[in-house]
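These notes concern the structure reproduced below.
Here is how names work: the chains are called A, B, and so on, in the same order as the sequence lines, proteins then strands, and each is numbered from 1. Bear in mind that the values here come from a model prediction, so they are computed numbers and not experimental data.
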Amino acid sequence: MYALVDCNNFFVSCERTLDSTLENKPVVVLSNNDGCVVSRSREAKKLGIPMAAPAFKYKELFKQHDVKVFSAKFELYNFKSQRVIEIATSYVDKTDFEVYSIDELFLDLTSFKYIDTHDYCVNIKNEIQDKENIPVSIGVAPTKTLCKVANRIVKDFPEKFNDGVYILDTPEKIEKALKWLNIGDVWGIGRRLAVTMHDSGVYKAWDLLQKPEMWVRKVMGIHGVRMMNELKGIRQLELDTPSPKKSIAVTRSFMQMLTKKDEVRERVETFGMYCSERLRKQNTCCKMVTVFVQTNRFRKDLPEYRNARTQILPNPTNSSILIGRVVNELFESIFEEGFHYKKAGVIVNDFVPEDQRLISLFEEDTQNQHLPVMKAMDAMNKKYGKDKVRLGSMSGQNTWGRAQMSPEYEAFLKNNTLPEANFRFH
DNA sequence: TCTGGGGTCCTAGGACCC
DNA sequence: TCTGGGGTCCTAGGACCC
């Protein structure tokens with residue numbers, strides 16, 4: 001059996017650990033720029049605030065019902081997430097788990113044949129509650145997809161399963177659950193597929209199992225067949241061991257729309273720098289860089305424009321300078337004057353480990369010259385705080401010799417304590 | 001005025017190979 | 001008249017997840 005440990009409205013629960021007066025009150029947490037609602041307490045859900053609701057549309061409702069509204073604090077959520085993971089994983093052998101997202105993890109209970117699964121899970125839940133003050137729900141079932149169903153049942157019937165644990169194991173229980181669960185709430189069925197399902201008379205998870213496998217294969221691809229089996233209790237999805245990322249994206253909406261080219265450029269260059277930092281953190285280089293820009297798609301009164309372009313690099317790199325240069329070229333090729341830009345981003349992918357780079361015979365490769373100074377920058381930012389040391393705007397000339405550093409960094413250079421860095425910036 | 005930010009996987013189709 | 005068959009790799013786009 002697998003167990004899915006899922007934190008209840010996680011971001012809100014994290015806020016409540018800081019301020020206990022928020023208990024039993026409607027609370028929501030907003031996304032970046034306070035754009036939309038990304039976490040809602042049970043009380044807030046009851047008021048009819050949907051997931052991903054744009055905050056501005058609900059301002060009145062918030063005021064009317066005295067909803068406590070918070071901007072996201074991701075450092076806090078990541079910290080609490082680690083603590084919850086540590087506790088939950090201490091209950092299984094060292095690799096018998098999968099951290100699925102910031103607020104959920106699967107545990108493999110297969111090796112515990114002689115314990116009472118229910119009591120064991122209640123202990124997990126209680127320890128997380130007592131030590132971290134984070135409420136969790138635990139769904140237990142033979143497959144990951146059914147764990148999701150079991151978890152859903154705990155959350156939807158809190159009075160019935162007030163110890164926070166539900167075990168979905170017998171065929172009878174499974175049949176009953178699947179006849180209750182709407183098809184759109186099955187793990188792997190999104191908005192699009194839900195519509196297709198309804199059009200074909202599939203309303204409950206159970207209805208899907210009555211369809212011929214060929215039909216499911218055609219409509220949903222290989223996913224669908226796996227899903228059918230998983231719902232029947234036949235295991236198709238194993239627990240994934242953590243693997244290095246395959247792509248890194250830094251994208252943001254802007255608080256205000258930007259029209260000046262240099263303002264948008266400054267944003268995408270910064271995004272490129274963050275991508276580079278994250279590449280270096282996992283000791284990989286990327287072979288592809290994508291830049292995109294877009295206007296506000298909700299503003300029908302303004303002309304719409306969106307564009308993206310990808311560059312394959314001659315040599316893999318994670319240097320902020322080299323990536324910045326490519327970002328700048330791509331940006332130049334897609335930016336159009338006369339639009340109100342709302343969002344932009346940089347995506348890097350196609351990674352190779354830092355020490356296994358294959359170098360083009362024909363292109364100059366300066367990655368290794370950049371690396372020490374980049375690592376030094378990272379070390380300083382870790383010590384003194386995010387963005388204390390950064391590249392100045394590369395201003396289209398992209399000669400890194402002219403890169404400017406922050407005043408803090410220049411002061412630091414004067415003290416002459418930068419290890420391994422033999423570069424001069426001025 | 002104000003509408004998130006990450007990720008993954010699969011498929012279809014084209015180019016190319018023998 | 002008849003015009004192969006089986007691969008791989010790459011990319012764009014679409015679906016999903018939290």
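- Rounded to whole Å, atom P of C/dT11 lies 10 Å from atom NZ of A/K287.
- The aromatic rings of A/Y166 and A/F161 sit tilted relative to each other, their planes meeting at an angle between 30° and 60°.
- OP1 or OP2 of B/dG6 has not a single side-chain nitrogen or oxygen of A/K245 nearer than 4.0 Å.
- Comparing A/M51 and A/M220 by the nucleotide of DNA chain B that holds the closest heavy atom to each, the one mapping nearer the 5' end is A/M51.
- Regarding A/E277, its CD atom lies at a distance of 13 Å from the P atom of B/dG6, rounded to whole Å.
- Mapping A/I222 and A/G35 onto DNA chain B by nearest heavy atom places A/G35 at the nucleotide closer to the 5' end.
- When rounded to the nearest whole Å, the span between CG of A/N349 and C1' of B/dT8 equals 12 Å.
- Comparing B/dT8, B/dG5, B/dT3 by their closest approach to the side chain of A/S247 singles out B/dT8.
- Using a 4.0 Å heavy-atom distance criterion, A/V37 is classed as making no nucleic acid contact.
- When the side-chain nitrogen and oxygen atoms of A/K148 are compared with OP1 and OP2 of C/dC18, one or more of them lie within a distance under 4.0 Å.
- Donor-acceptor pairing under 3.5 Å is lacking for the side chains of A/T143 and A/R235.
- A straight line from CD of A/E98 to C1' of B/dG7 spans 13 Å, rounded to a whole angstrom.
- The phosphate of B/dT1 (OP1 or OP2) has no side-chain N or O of A/R299 nearer than 4.0 angstrom.
- Judged by a 6.0 Å distance limit and a 45° cone about the ring axis, A/K211 is positioned over the six-membered ring of A/W215.
- An OP1 or OP2 oxygen of B/dG7 is reached within less than 4.0 angstrom by a side-chain nitrogen or oxygen of A/R278.
- Nucleic acid contact for A/L30: none, since no nucleic acid atom lies under 4.0 Å from a heavy atom of the residue.
- Between A/K342 and B/dT3, a side-chain N or O to OP1/OP2 separation shorter than 4.0 Å is present.
- Counting any heavy atom pair closer than 4.0 Å across all strands shown, A/A249 reaches sugar-phosphate atoms only and no base atom.
- Separating the P atom of C/dC18 from that of B/dT3 is a span of 25 Å, rounded to the nearest Å.
- In this structure, of B/dT3, B/dC10, B/dG4, it is B/dG4 that holds the atom nearest to the side chain of A/N32.
- Of the candidates C/dC17, B/dT8, B/dG6, the closest approach to any side-chain atom of A/T251 belongs to B/dG6.
- Considering only heavy atoms from C-beta on, A/R357 comes within 4.5 Å of A/D365 through its side chain.
- Nearest nucleotide to the side chain of A/H223, out of B/dC10, B/dT8, B/dG6: B/dC10.
- Taking only side-chain nitrogens and oxygens, A/S101 never comes nearer than 4.0 Å to OP1 or OP2 of C/dC17.
- In this structure, A/L258 atom CG and B/dC2 atom P are separated by 12 Å, rounded to whole Å.
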Check your understanding: What do the steps show when you test A/Y203 against A/W180 for ring pair (Phe, Tyr, Trp, His ring centres under 6.0 Å), and what is the final call?
Key -> CA-CA 10 Å; A/Y203 299 102; A/W180 163 79; over 10 Å; no
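- One atom, CG of A/L237, and another, C1' of C/dC16, lie 13 Å apart when rounded to the nearest Å.
- Across all strands shown, A/Q256 has no heavy atoms under 4.0 Å from either base or sugar-phosphate atoms.
- At a threshold of 4.0 angstrom between heavy atoms, the contacts of A/D34 with the nucleic acid are absent.
- At B/dC2, none of the side-chain N or O atoms of A/N33 fall inside 4.0 Å of OP1 or OP2 (strictly under the cut-off).
- Here A/R217 lies in heavy-atom contact (under 4.0 Å) with sugar-phosphate atoms only.
- Rounded to an integer number of Å, the gap from CG of A/N151 to P of C/dC17 is 15 Å.
- A cation-pi arrangement is absent between A/R306 and A/F339 under the rule of less than 6.0 angstrom and at most 45 degrees off the ring axis.
- A/R226 has a side-chain polar atom (N or O) that falls below the 4.0 Å cut-off from OP1 or OP2 of B/dC10.
- Partner of A/C286 under the side chain to side chain contact (heavy atoms under 4.5 Å, CB included) criterion, out of A/I323, A/I347, A/D350, A/N349: A/I323 alone.
- A donor-acceptor distance shorter than 3.5 angstrom exists from the side chain of A/E230 to the backbone of A/T145, with no hydrogens or angles considered.
- Listed pair A/S253 / B/dG4 meets the phosphate criterion, a side-chain N or O lying under 4.0 Å from OP1 or OP2.
- Pair assignment for C/dC18: B/dG5, on the basis of Watson-Crick or G-U wobble contacts that are both within less than 3.5 Å.
- Backbone-only engagement by A/L193 is indicated by non-hydrogen atom pairs under 4.0 Å involving sugar-phosphate atoms exclusively.
- Phosphate contact (OP1/OP2 of C/dC17, side-chain N/O of A/R192, threshold under 4.0 Å): absent.
- The side chain of A/Y100 sits closest to C/dC17 out of C/dT11, C/dC17, B/dC2.
- Rounded to whole Å, atom C1' of C/dA15 lies 11 Å from atom CZ of A/R191.
- Set against B/dT8, C/dC18, B/dT3, the side chain of A/N296 has B/dT3 as its closest nucleotide.
- Taking only side-chain atoms of A/P54, from C-beta outward, the nucleotide of B/dT3, B/dC10, B/dG6 with the closest atom is B/dT3.
- Note on A/I312: only backbone sugar-phosphate atoms sit closer than 4.0 angstrom, heavy atoms only; bases stay farther off.
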